[in-house]
Amino acid sequence: MFKVVVAHSNDPDSPSAIQEVIDQCLGDLEGVQPQAGLLLAALDFDHTLLLARLHETFPDLQLIGGTTDGEMSSVLGFEEDSITLMLFCSDTVQIRAGVGLGVSQDVAAATQAAVDQAVDQAVGDLPFDPKLCITVPDGLTVSGVAAIAGLKQALGPEVAIVGGTSGDQWNFRQTYQFFGDQVLSDAIVILLFSGDLKFSHGVSSGWYPMSRKAVVTKAKGALVYEIDDRPAVEFYDHYLNGLTVSGEYPLAVFDQASDEFYLRASNAWDREQGTILFMGDVPEGATVQITHTTCDDIIAATKTSIEKARSHYPGEQPAAIFLFSCAARRRLLGTRTCEEYELGQQSIGEDIPTIGFYTYGEISPLAPGGEAFYHQETLVTLLLGVE
Amino acid sequence: MNDSEAAQRIQELEKANRVLQKKLDRAQQGRLQIEESRRRAEAVLSATIKELRDSQNMLEERSQALEQALHDLQGMQTRMLMTEKMSALGVLVAGVAHEINNPVGFIYGNLDYANQYAQDLLHLVDLYQKNYPDPKSAIQDFIESIDLEFMKSDMPNVMNSMKMGAERIKEIVLSLRTFSRMDESEVKAVNLHDGLDSTLTILEHRLKPQPHRPRIQVIREYGEIPEIECYAGQLNQVFMNIMSNAIDALEEYFVEIQKGPNHCPSPPLVLTIKTELLEENQEVQICFQDNGPGIPPDVIPQLFDPFFTTKPVGKGTGLGLSISYQIVTEKHNGRLECLSKLGQGTEFIISIPSRQSLIQEPAFSTQTAESLETAELISSELLAQSDLVNPTVDQVELKQLSR
């Protein structure tokens, strides 16, 4: 048995919203006890209150979650100021939550702690053999690349890692992660799935290189000092005419001597130093180009991501759909944002519980069985089920 | 509606109100973000358009440079082909000149003896006739059949014409050797007048009167010039190109005048060659002046462009003057100028330093610098001079001379 329910409320009032969500869940659960849950909430809610109410209702729930840049579900579709909750019930699949704190201080230790915690909570005599890890790291304090590296090290290569980093509605000040009844920051939360589980994933972006090619001549981690031996901001200034950098125009970072590239977005400039802090590592010596996209390209990529996940799904009918989409996509899609969610519904099944959020960075392998990568400007689709 | 329904309705309305209020706030923020996004998009668009424009300009420039390079390559390819041809032709000319020179030497060297022997034999016949006035009938019949009296009177003429013919062959052979200068691939001090004369000798056939025009007169106004250090063979090519162009122009001009409605009397066709030492510039000038039709002003700037020709298809390659220009300017640090006015003739002026201490080493592309036109000219001149080698013509010519 693997039962998934999803609830969604767009009531800006925290007590009313959480009550509405709990009521919806209780109605759909029909008395079945949920094992774990994923809560996604807009920034303006009283998150402590939300978690306290949930904890009162489901005291044993393995709950993780975080704040976002927009939520979506099969209940309300896409909403900007809402909370959405997905609950998992199963007697064949074991789900455990874990948390790592102070990730910006020591990401390896934090990720190891999160994994240890989840594994330690495995109960009974069932061997805990995780297959899938859904994670929500802090989207501002954590290097996505380092977080994935830590998780990979702690979990081993066999476990697929999928997820998205928490957001704060494009303010880029502070994001929150949820673990049980705790509201955290600078943390990484995980849900580990083990047992009789089927899943698949897909990822696609829709951004294409536009500017002239340049070489990163000085960089350390995610901080780029110089591009083509000039202060990094000058490279963007030439195109943005002095306007601040935005996730709409991420950098394409090319693998050596290849046309393949990954994207790195930034929202943090230091004009005095001429540096740009990206939301992911940019290696020194890499060839880069500023990219752009259109709404049509984004929607086409959405379709690609969903189709990839659907075609790779090893079973017949997934029980839940997860969509982790970049916040920059939402900025550009505007009123067409709902199409991302609708495409998932049309493509995979309208009656399948769906949950998703707009993130500051997406995590997934490129292909089934592959190791996870940190993405930006992408839509990561995850299908989960037992059938 | 009962109280609980009313309370629920109020709750719903309150929620709707909260949701709408929140959406309104978001809409305001969204609008600001869209405006900002639009400003960025506009900036990116402008920068990209500018880059595309720059890139387009750069591509156009590159395309022009490539076209030029292609043009230059074609020119070089043609020149290399010509180099091959001319190399072969030069060897042929030198070989023919050498091979003819020896037998002509036998003929020329033995003509005096042959003349002397013939005189002696005729004198012997005279003596026989005086001492035996009544020969037998068979001898008398043979004397009549061979017209001995005419033979005796014509023999000196035959010998003289043979001597003249042999002398002409020697002269032409010498001109061919001077012209081809196969032995002089390096800079050497030469008398330019010899080069001009040998070129004129080769062109003699074309200067002669033709059925459709009178003779082209050549006026040599040679000044006192020192021997000039130069690539003599190459300069001879230049002389050949300029003079044969002048002959073409004069011929066409004459035919045109004859066809004209006025039938005005044509002036004599004159090609004047002047040489002069310009002390102040330390240079020598060689001018070729014709009284032909002149060159239209719009054509003059293109005269030295490769492949430019006003001649009918198949008659000119358009390379003669461009290669001449290259030989004069690049190989001899000189100048090649054209002065022309419609109806007043054309003047080509070659100016080269009298001392070529700065002369360049021969570059690959101009190693021989003989043009296809020159190659064709020389071969046609050789054919025209074929009375030297064609036995039929030879006999006719000799008969004409002997009569």
Side-chain angles (χ1 to χ4, degrees), chain A residues 8-17 19-20 23 42-45 69-70 76 78-83 169-171 208-214 234-250 267 289-295 327-328 330-335 337, chain B residues 1-70:
Chain A
H8 200 163
S9 170
N10 60 1
D11 192 334
D13 178 56
S14 297
S16 309
Q19 194 55 52
E20 193 178 354
D23 290 346
L43 191 70
D44 291 349
F45 286 96
D69 191 59
L76 290 181
F78 165 70
E79 286 291 332
E80 259 184 297
D81 288 282
S82 65
I83 56 172
Q169 271 173 328
W170 211 251
N171 292 309
Y208 299 97
M210 164 207 73
S211 75
R212 68 179 176 85
K213 284 189 173 179
E234 281 186 18
F235 185 54
Y236 266 98
D237 269 349
H238 172 73
Y239 290 94
L240 293 177
N241 198 22
L243 295 168
T244 49
V245 73
S246 146
E248 294 163 29
Y249 301 98
N267 291 289
Q289 269 182 288
I290 297 172
T291 60
H292 83 120
T293 189
T294 63
C295 286
R330 185 173 87 71
R331 297 284 138 186
L332 290 169
L333 284 173
T335 55
T337 305
Chain B
M1 188 185 288
N2 58 34
D3 282 354
S4 69
E5 282 174 347
Q8 193 181 350
R9 182 73 184 136
I10 289 168
Q11 265 186 354
E12 281 171 10
L13 284 172
E14 278 175 352
K15 180 191 166 187
N17 185 40
R18 287 195 297 269
V19 170
L20 284 173
Q21 190 57 48
K22 198 76 189 176
K23 283 193 189 298
L24 192 65
D25 293 348
R26 288 286 169 221
Q28 290 284 8
Q29 285 176 15
R31 211 175 67 186
L32 291 174
Q33 278 164 356
I34 285 167
E35 280 169 10
E36 199 187 338
S37 173
R38 187 194 151 129
R39 278 200 295 278
R40 279 198 202 95
E42 282 169 354
V44 168
L45 189 65
S46 305
T48 311
I49 287 171
K50 188 183 169 295
E51 276 190 354
L52 281 174
R53 216 172 270 154
D54 292 349
S55 154
Q56 192 181 11
N57 289 341
M58 201 180 72
L59 280 174
E60 272 168 18
E61 278 169 23
R62 199 174 289 174
S63 156
Q64 278 172 1
L66 280 173
E67 268 174 34
Q68 185 59 44
L70 180 66

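In what follows, every heavy atom counts, from backbone to side chain, and hydrogens, waters and symmetry copies are set aside. Within every chain, numbering begins at 1; the chains are lettered A, B, ... in the order of the sequence lines, protein sequences first and strands thereafter.
- Of the two parts of Y236(A), neither the backbone nor the side chain holds a non-hydrogen atom closer than 4.5 Å to a non-hydrogen atom of chain B.
- Other residues, nucleotides and ligands contribute only 12 or fewer heavy atoms inside 6.0 Å of the CG atom of D3(B).
- Across S82(A) and H8(A), no two heavy atoms sit closer than the pair OG-NE2, 2.8 Å.
- Taking Y239(A) as the reference, nothing meets the ring-ring contact (aromatic ring centres under 6.0 Å, His included) condition, with sequence neighbours excluded.
- Taking 4.0 Å as the cut-off between side-chain N and carboxylate O, K15(B) and D13(A) do not count as a salt-bridged pair.
- For a residue to count as touching a neighbouring chain, one of its non-hydrogen atoms must lie under 4.5 Å from one of that chain's; by this rule R212(A) touches chain B with backbone and side chain alike.
- Between R330(A) and E80(A) there is a salt bridge, with a side-chain nitrogen of the basic residue lying less than 4.0 Å from a carboxylate oxygen of the acidic one.
- Of the two parts of K50(B), neither the backbone nor the side chain holds a non-hydrogen atom closer than 4.5 Å to a non-hydrogen atom of chain A.
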Begin with the C-alpha distance, continue with both residues' side-chain angles, and end with the deciding distance and a verdict on side-chain hydrogen bond (donor to acceptor under 3.5 Å, both in side chains) for S9(A) and D11(A). CA-CA 6 Å; S9(A) 170; D11(A) 192 334; 5.3 Å; no

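- Heavy-atom minimum distance, D69(A) versus W170(A): OD1-N, 3.1 Å.
- Contacts between residues 33-42 of chain B and chain A, counted as heavy-atom pairs separated by less than 4.5 Å, involve Q33(B), E36(B), S37(B), R39(B), R40(B), A41(B).
- For the atom pair I49(B) CD1 and D54(B) CG, the distance stands at 12.0 Å (nearest 0.5 Å).
- Contacts with chain B were tallied for L240(A), L243(A), N241(A), D81(A); D81(A) has the most, counting heavy-atom pairs under 4.5 Å.
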